Asks: 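Quick one: structure below, then a few questions.
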Amino acid sequence: MACDPITLATPGVRGLQPYQPGKPIAELERELGLLNIVKLASNESPLGPSPAAREAAARALHELARYPDGSGYALKAALAEHHGLSMSHFTLGNGSNDVLELVARAFLTPADEVIYSEHAFAVYPIVTQAVGARAVVVPARDWGHDLRAMGAAVGARTRVMFVANPNNPTGTWCAATELRALLQSLPEQVLLVVDEAYFEYVEAQDYPDTSAWIGEFPNLIVTRTFSKAYGLASLRAGYAISHPAVADLLNRVRQPFNVNAVALAAAGAALGDVAHLEASRRVNREGMQQLQEGASARGLAWIPSMGNFLSIDVGRPGGEVYADLLREGVIVRPVASYGMPSHLRVTIGREEENRRVLDALDRVLK
Ligand SMILES: *Cc1c(COP(=O)(O)O)cnc(C)c1O
């Protein structure tokens, strides 16, 4: 090819840095020939999904030749019941990442600005830049979103603001009063996307119930996922809750069959298994305490987290400690690309998995 394809790409795509996923177990096995690898790098559920979700997924395998229900009727009906809202408020996504991208495609042009926080989830810069919009990154406060400063950053060109609550990779969360004050201060042409991927794990008393605000704020979009506490990351199912007019616009840019039938069936069944979700929360609560105490006992600081992960300051370049941990058969997540060069993000695992990480840290940090 005479011309470099990069010159053909849109300006946004030219400068795009692809998302860096956690290292797959099979890759580390291949590279180092290790067995018994512990992966706590992608905020996956150590319990996995509800047995009811597995069974629903298995049943859906009998119909693989058919297209899925493009409207996702059954799942949306279950979500409507779950949230006490009508079905017209929901948009289904191939994971909630898909929904974040739908927001960018439906609402952003290169003339628009998007506000998000320093240390915020990596998908916000990607979807913003992919459509050529301009990112306004607001400095964090104590690792968390500074909602006042984010509100103050709104200008005539601001169209979307992303708030991760809790945020990944910091685990920090925003209180109901502050988030509500932000919403009330926003001009109505600014859409506030509140990304609640870790909603089910949150135990903070001051955490908002944003789905109850949907009727009040037509510019509020709340996103949720089945990837984390419901243990279905592999199937890719997430959704947005919004004003029906916003949902209608998101559905216009959605691929007709963006959520597959196995995911639809499993997600619906997962939603109904309250006991499994409670078990998932309990394992997280206990593992969180184990990791926090273990880190503190080793003199390592950590950022208080409401997610299913803990970002620990290892006091030296995180990338080096990450690489040393790989040789111990332990995969965690380096977060230097999030502006956190001495932190490692560790997903909460089962007791023995958490212990493996702490023991490996002892050897690596000594
Ligand atoms: C994991 C995560 C998501 C969820 O991604 P899916 O596409 O639903 O798997 C969304 N937002 C944040 C902040 C996350 O950490």
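This one's a predicted model, so the numbers in the text were calculated from it and none came from an experiment. Both ligands and their constituent atoms are indexed starting at 1 by order of listing.
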Asks: When you measure from the centre of the six-membered ring of Phe107, is the NZ or CZ of Arg159 closer than 6.0 Å and no more than 45° off the axis?
Replies: no
Asks: Examine distances only and state if a side-chain atom of Gln129 and a backbone atom of Gly12 form a donor-acceptor pair shorter than 3.5 Å.
Replies: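 Indeed, once roles are kept as given, a pair shorter than 3.5 Å links the two residues.
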Asks: Using the side-chain contact (heavy atoms from CB on, under 4.5 Å) rule, pick out the option among Val193, Val194, Val138, Val154 that qualifies with Met161.
Replies: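 The option that passes is Val154.
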Asks: Check ligand 1 for close polar pairs with the protein: N or O on both sides, less than 3.5 Å.
Replies:
from: ligand 1; atom 1: 5 (O); to: Asn97; atom 2: ND2; distance (Å): 3.1
from: ligand 1; atom 1: 7 (O); to: Ser96; atom 2: N; distance (Å): 3.1
from: ligand 1; atom 1: 7 (O); to: Asn97; atom 2: N; distance (Å): 3.0
from: ligand 1; atom 1: 7 (O); to: Asn97; atom 2: ND2; distance (Å): 2.6
from: ligand 1; atom 1: 7 (O); to: Arg236; atom 2: NH2; distance (Å): 2.6
from: ligand 1; atom 1: 8 (O); to: Ser96; atom 2: N; distance (Å): 2.7
from: ligand 1; atom 1: 8 (O); to: Ser96; atom 2: OG; distance (Å): 2.9
from: ligand 1; atom 1: 8 (O); to: Thr225; atom 2: OG1; distance (Å): 2.5
from: ligand 1; atom 1: 8 (O); to: Ser227; atom 2: OG; distance (Å): 3.4
from: ligand 1; atom 1: 9 (O); to: Ser227; atom 2: OG; distance (Å): 2.6
from: ligand 1; atom 1: 9 (O); to: Arg236; atom 2: NH1; distance (Å): 2.8
from: ligand 1; atom 1: 9 (O); to: Arg236; atom 2: NH2; distance (Å): 3.3
from: ligand 1; atom 1: 11 (N); to: Asp195; atom 2: OD1; distance (Å): 3.1
from: ligand 1; atom 1: 11 (N); to: Asp195; atom 2: OD2; distance (Å): 2.6
from: ligand 1; atom 1: 15 (O); to: Asn168; atom 2: ND2; distance (Å): 2.7
from: ligand 1; atom 1: 15 (O); to: Tyr198; atom 2: OH; distance (Å): 2.6
from: ligand 1; atom 1: 15 (O); to: Lys228; atom 2: NZ; distance (Å): 3.3

Asks: Please work out which of the three classes, parallel, tilted or perpendicular, describes the rings of Phe121 and Tyr19, given edges at 30° and 60°.
Replies: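 Perpendicular: the ring planes of Tyr19 and Phe121 meet at over 60°.
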Asks: Could you check whether the rings of Tyr124 and Phe162 sit parallel, tilted or perpendicular, using 30° and 60° as the cut-offs?
Replies: parallel
Asks: Please determine, by modelled atom types, if Thr7 and Asp4 share a side-chain donor-acceptor pair under 3.5 angstrom.
Replies: no
